[in-house]
Amino acid sequence: PDPRAVRACARFGVDISEQRARQLTAADFAAFDLVLALDGTNLMHIEGMAPADMAHKVRLFGSFAGIGGVDDPYYGDAAGFDLCWQQVQTGAEALLDAIESGQVAP
């Protein structure tokens with residue numbers, strides 16, 4: 001991960017230093033209950049990859065919290081990574097609430 005993201009997450013007590021990204025694959029649509037996009041551009045690409053019978057699994061992460069997309073902090077300064085943390089935290093709490101209330105099937 002970006003060193004600025006590692007520092008931002010560490011400030012909130014989360015160690016992401018060993019995280020590694022990978023490309024989404026066609027097999028992921030069968031393997032996972034939800035495939036979440038962080039912004040509208042990624043949502044469009046993921047929807048384009050999704051088999052028709054699995055398109056219902058694709059959601060915009062921030063939609064659970066009513067925040068839309070998560071801002072990409074990459075081209076900004078360190079403050080953008082703190083904002084991104086806050087958006088992800090808000091979205092994660094709302095997603096958990098949606099799962100626990102049965103609005104989203106696990």
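If you're wondering where the values come from, they're calculated on a predicted model, not measured in any experiment. Positions are given from 1, in the same order as the sequence printed here.
For Arg4, the salt bridge (charged side-chain N to carboxylate O under 4.0 Å, His left out) partners two or more places apart in sequence, or in a different chain, are Asp2. Listed by chain and number, the residues in a salt bridge (charged side-chain N to carboxylate O under 4.0 Å, His left out) with Asp82 are Arg11 (sequence neighbours excluded).
Contact check for Val58 versus Leu34: no side-chain heavy atoms found under the 4.5 Å cut-off. For the pair Gln103 and Asp97, the minimum side-chain heavy-atom distance is 4.5 Å or more. In this structure, Ile67 and Phe61 have side chains that are not in contact, with every pair of non-hydrogen atoms separated by 4.5 Å or more. Contact check for Asn42 versus Asp39: side-chain heavy atoms found under the 4.5 Å cut-off. Contact of the Leu96 side chain with the Phe64 side chain is not registered, since no non-hydrogen atoms from C-beta on lie closer than 4.5 Å. No side-chain heavy atom of Leu60 sits under 4.5 Å from any side-chain heavy atom of Leu38. Contact check for Val35 versus Leu24: side-chain heavy atoms found under the 4.5 Å cut-off.
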Stepwise side-chain contact (heavy atoms from CB on, under 4.5 Å) test for Cys9 and Asp15: CA-CA 6 Å; Cys9 290; Asp15 179 6; over 6 Å; no
side-chain contact (heavy atoms from CB on, under 4.5 Å) between Phe29 and Ile46, worked out: CA-CA 10 Å; Phe29 294 98; Ile46 293 169; 4.0 Å; yes
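Hydrophobic cluster membership differs between Leu43 and Val70, with clusters built from Ile, Leu, Val, Met, Phe, Trp and Tyr side chains linked at under 4.5 angstrom. With hydrophobic clusters built from ILVMFWY side chains whose heavy atoms lie under 4.5 angstrom apart, Phe12 does not share a cluster with Phe81. With hydrophobic clusters built from ILVMFWY side chains whose heavy atoms lie under 4.5 angstrom apart, Leu83 does not share a cluster with Val88.
Across Met54, Met49, Arg22, a single residue satisfies side-chain contact (heavy atoms from CB on, under 4.5 Å) together with Asp28, and that is Arg22.
In terms of heavy-atom proximity, Gly91 sits nearest to Ala65 at CA-CB, 4.1 Å. Closest approach of Asp53 to His56, counting heavy atoms only: O-CE1, 3.3 Å.
No more than 12 heavy atoms of other residues, nucleotides or ligands shown are found within 6.0 angstrom of OH on Tyr74.
A side-chain donor-acceptor contact under 3.5 Å links Gln87 to the backbone of Asp71. Within the 3.5 Å criterion, the main-chain N or O of Asp33 finds no donor-acceptor partner in the side chain of Lys57.
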